[in-house]
Undergrad: 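Questions regarding the structure given below will be posed in turn.
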Amino acid sequence: MFKFKRQTFLAFKVGSIRLCSLTAATAAAEPLAQPTHTLGEIISGYNSDIELTSSNTQFSHTLFLDPGFYLHKLPKSRSVNQVKEIHAQITVNGLLKNLVVTNKLLYMYTSFRAIGDAFALFSGLNERDPFSWSVMIGGFAKNGDVLDCFRTFREYIRSGDSPNNYTLPFVIRVCRDTNDLEMGKVIHHIVCKFGLQSDSFVAAALVDMYSKCKVIEDAKKLFDRMPNRDLISWTVMIGAYTECGNANEALALFEQMQAEGIVPDNVAMVNVVNACAKLGAMHKAKLAHEYILRKKFSLNVVLGTAMIDMYAKCGRLDCARDIFDSMRMKNVVTWSAMIGAYAYHGRGMEALNLFYMMLSSGIIPNSITFLSLLYACSHSGMVDDGLHLFSLMQEEYGVRPNVKHFTCVVDLYGRSGRLSEALNLIENMTIEKDEGLWGALLGACRIHGHVEIAEKAARSVLELQPENPGHYVLLSNIYARAGRWQDVAKTRELMTHQRLKKVPGSSWLEVDNMIHKFSVGDHTHPRSKEIYEKLKLLLEELELAGYVPDTNCVLHDIDEEHKRRILYTHSEKLAIAFALIATPEGAPITIMKNLRVCGDCHSFIKLISVVRKRLIIVRDANRFHHFEEGVCSCGDYW
DNA sequence: GTAGGGTTAG
């Protein structure tokens, strides 16, 4: 124990007080130069740690001269204020000139996202090494400070140092986060220039960047060329395939990874679970779950939440709820996932009840929680509840509605036939409108056959997205229903003038633990011949039961007969025909579709559910449809 | 002795 001399104490006091402001800690180094020297003299006789206590009990600090002490102590900081306190101690000890200590200090500031403090320290440094630069570049990257990150990276290169396998992944990350493929390619050139393309960290970051920028082929090429593919690069690649809609390939890759002797971890399993969710394949989901239990992965918040989503998207609300109930730690994402699951299945009341449970357990809802709730209300016809939540969200929780929230409210009004209120809401909105918003209004006009508002909605939606064939189909359906055949023809004409972006539609289902995938007019399935024969019989059977093909769902400029042929080979119908061949009589059928089920297929499936006495569940891009005894409660179609 | 790539709800 050492009692301060008065002057030393004052010097320290200056440091202690000033370290509370961002730049002051470094500024404090200057006036402290002299007194610290005194302090050094005082304690020069002690090589070991010395505790200095002031006579004023307000200040009681331990000062150490050994850099190792701070390297050990800094990571234990629990707040930025603690870092600042240690910063002051380092300062009064004159240890700021030790770059190892200073870099760690810099890192601690960035880890608390105190980027201003970090930069103040960084810019005050007389000397910087590649560690300091990479911590600073990484700090900006993790904080989303794109411009500062690039600026610092440029400065670093200008200072004469070479970019390395630490700095580059940070810069690549920024390109990924901002979806800046062009900049990503520039960085890729730099990577090659410095011969770092084989580094695991750099390569994995590049693969991730390419995949998030939707150039999966480039990502795969890079991945295939990697000499050492570790767990993380595999995980990135698995996630990339799931993201681009090829979940089957993602799961295949997971198998391949294990065959190469790589042992998955929790994060890898989250990616596997996501792939199963995308596939909606119950068998795969169960296998993944069993694997997770067998290998004793901890069901942490992230993995647990992913599993809730997986089961919900496989059509198993009960399993999703079991996982939800078994989770000890739940965050707002977990609750929102479960609320979203109910919403997705058209179970508005359950979604709402869960929301109130969430509130009583003290979780604060966010923008996405409310989006799921509004979605639940719109698909369950709970107009008043939806409108109440829409105002609650803004007034009680300060969540500013984005265009997706508005879209739900338009849907809410629209489905219940309050079309002018929906239009009014859109017209009075101050935020930017998108095609989804107008599309919701257009969809509502189809349900209620409102031509006038439909034309208004169609004009706006086609202005924003002229290349989407779905909008023309909707408008044409509305005209057709009103018997306005000239306008149907005009719509088709309008469409043929556009370059249409066709997202290939596909449907798939799981039979005997295998995924069977179909696209329109598909003949690739090994049992294709049987499927088409079955479909022919089904069509005859259904026409007797009153099915009339709705060729308005096909908008190609072709004759009626050709339209019928296209219509009857829609992927949903092929999938249904296959299911009827390959599954036991009376068993429920579950089909997945990457786009929305078309109106004709919707009526087709409704009829199948009654003439074949089957429960048919269809998951499309929007929701789950439960067809039972000729009824689907979705309210999407007439 | 100080710096690094992958994860959950829409």
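Here is the naming used below: chain letters follow the sequence lines, and residue numbers restart at 1 for every chain.
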Undergrad: In terms of side-chain heavy atoms, does A:H388 have a donor or acceptor partner in A:D385 at a distance below 3.5 Å?
TA: no

Undergrad: Tell me which residues in residues 197-224 of chain A lie within less than 4.0 Å of DNA chain B, going by non-hydrogen atoms.
TA: A:D199, A:S200, A:F201, A:A204, A:D208, A:K212

Undergrad: State whether A:D636 and A:R623 are salt-bridged, where the test is any N-O pair (Lys NZ or Arg NE/NH1/NH2 against Asp/Glu carboxylate O) under 4.0 Å.
TA: yes

Undergrad: Counting only heavy atoms not in A:E243 (residues, nucleotides, ligands), do more than 12 fall under 6.0 Å from its CD?
TA: no

Undergrad: Just checking A:V301: base, sugar-phosphate only, or nothing, at a heavy-atom cut-off of under 4.0 Å?
TA: base

Undergrad: Check each residue of residues 337-369 of chain A for a non-hydrogen atom within less than 4.0 Å of any atom in DNA chain B, then write out the ones that pass by number, or none.
TA: A:A337, A:N366, A:I368

Undergrad: Do other residues, nucleotides or ligands put more than 12 heavy atoms under 6.0 Å from A:E432 CD?
TA: no

Undergrad: Do any side-chain atoms of residues 144-154 of chain A form donor-acceptor pairs under 3.5 angstrom with protein atoms, and if so which ones, sequence neighbours left out?
TA:
{"unit_1": "A:D145", "atom_1": "OD2", "unit_2": "A:N143", "atom_2": "ND2", "d": "2.9"}
{"unit_1": "A:D148", "atom_1": "OD1", "unit_2": "A:R151", "atom_2": "NH2", "d": "2.8"}
{"unit_1": "A:R151", "atom_1": "NH1", "unit_2": "A:E155", "atom_2": "OE2", "d": "3.2"}
{"unit_1": "A:T152", "atom_1": "OG1", "unit_2": "A:D148", "atom_2": "O", "d": "2.6"}

Undergrad: Do A:T305 and A:T334 pair up side chain to side chain, a donor and an acceptor below 3.5 Å, judged on atom types alone?
TA: yes

Undergrad: Would you indicate whether the side-chain heavy atoms of A:F355 and A:L389 approach each other to under 4.5 Å?
TA: yes

Undergrad: For A:N126, enumerate each residue passing the side-chain hydrogen bond (donor to acceptor under 3.5 Å, both in side chains) test, keeping only those at least two apart in sequence or located in another chain.
TA: none

Undergrad: Which part of the nucleic acid does A:L99 contact within heavy-atom distance under 4.0 Å: base, sugar-phosphate only, or nothing?
TA: base

Undergrad: Within the side chain of A:R113, is there an N or O that forms a donor-acceptor pair under 3.5 Å with the backbone of A:K142?
TA: yes

Undergrad: With sugar-phosphate meaning primed atoms plus P, OP1 and OP2, does A:N274 contact a base, only sugar-phosphate, or nothing at under 4.0 Å between heavy atoms?
TA: sugar-phosphate

Undergrad: What are the 5'-most and 3'-most nucleotides of DNA chain B lying under 4.0 Å from any heavy atom of chain A?
TA: B:dG1 to B:dG10

Undergrad: Mark yes when over 12 heavy atoms from residues, nucleotides or ligands other than A:K433 sit less than 6.0 Å from its NZ; otherwise mark no.
TA: yes

Undergrad: Quick check on contacts: within residues 140-178 of chain A, what sits under 4.0 Å from DNA chain B by heavy-atom distance?
TA: A:K142, A:N164, A:N165, A:Y166, A:F170, A:R173, A:R176

Undergrad: For DNA chain B, which residues in residues 241-256 of chain A have a heavy atom at a distance below 4.0 Å?
TA: none

Undergrad: Do A:N93 and A:Y70 have side-chain atoms, one donor and one acceptor, less than 3.5 Å apart?
TA: yes

Undergrad: Could you list the donor-acceptor pairs under 3.5 angstrom formed by side chains in residues 220-237 of chain A, with sequence neighbours left out?
TA:
{"unit_1": "A:K220", "atom_1": "NZ", "unit_2": "A:D224", "atom_2": "OD1", "d": "3.1"}
{"unit_1": "A:K220", "atom_1": "NZ", "unit_2": "A:D224", "atom_2": "OD2", "d": "3.2"}
{"unit_1": "A:D230", "atom_1": "OD1", "unit_2": "A:I232", "atom_2": "N", "d": "3.3"}
{"unit_1": "A:D230", "atom_1": "OD1", "unit_2": "A:S233", "atom_2": "N", "d": "3.0"}
{"unit_1": "A:D230", "atom_1": "OD1", "unit_2": "A:S233", "atom_2": "OG", "d": "2.8"}
{"unit_1": "A:S233", "atom_1": "OG", "unit_2": "A:D230", "atom_2": "N", "d": "2.9"}
{"unit_1": "A:S233", "atom_1": "OG", "unit_2": "A:D230", "atom_2": "O", "d": "3.0"}
{"unit_1": "A:T235", "atom_1": "OG1", "unit_2": "A:L231", "atom_2": "O", "d": "2.7"}

Undergrad: With the threshold set at under 4.0 Å for non-hydrogen atoms, list the residues of residues 308-318 of chain A touching DNA chain B in residue-number order.
TA: A:D309, A:K313

Undergrad: Could you measure the distance from the CG atom of A:L99 to the CZ atom of A:F131? Nearest 0.5 Å is fine.
TA: 10.0 Å

Undergrad: Is A:G138 touching bases, backbone alone, or none of the nucleic acid, heavy atoms closer than 4.0 Å?
TA: nothing

Undergrad: Picking from A:V333, A:D325, A:L354, what satisfies side-chain contact (heavy atoms from CB on, under 4.5 Å) with A:M338?
TA: A:L354

Undergrad: Applying ring pair (Phe, Tyr, Trp, His ring centres under 6.0 Å), which residue pairs with at least one partner in residues 319-346 of chain A are found, sequence neighbours left out?
TA: A:F324-A:W335, A:Y344-A:F624, A:H345-A:F624, A:H345-A:H626

Undergrad: Among residues at least two apart in sequence or on other chains, which ones pass side chain to side chain contact (heavy atoms under 4.5 Å, CB included) with A:K193?
TA: none

Undergrad: Would you say A:Y210's side chain and A:A205's backbone share a donor-acceptor pair under 3.5 angstrom?
TA: no

Undergrad: With a 3.5 Å cut-off and sequence neighbours excluded, list the donor-acceptor pairs that the side chains of residues 249-265 of chain A form with protein atoms.
TA:
{"unit_1": "A:Q258", "atom_1": "NE2", "unit_2": "A:Y291", "atom_2": "OH", "d": "2.5"}
{"unit_1": "A:D265", "atom_1": "OD1", "unit_2": "A:V267", "atom_2": "N", "d": "3.2"}
{"unit_1": "A:D265", "atom_1": "OD1", "unit_2": "A:A268", "atom_2": "N", "d": "3.0"}

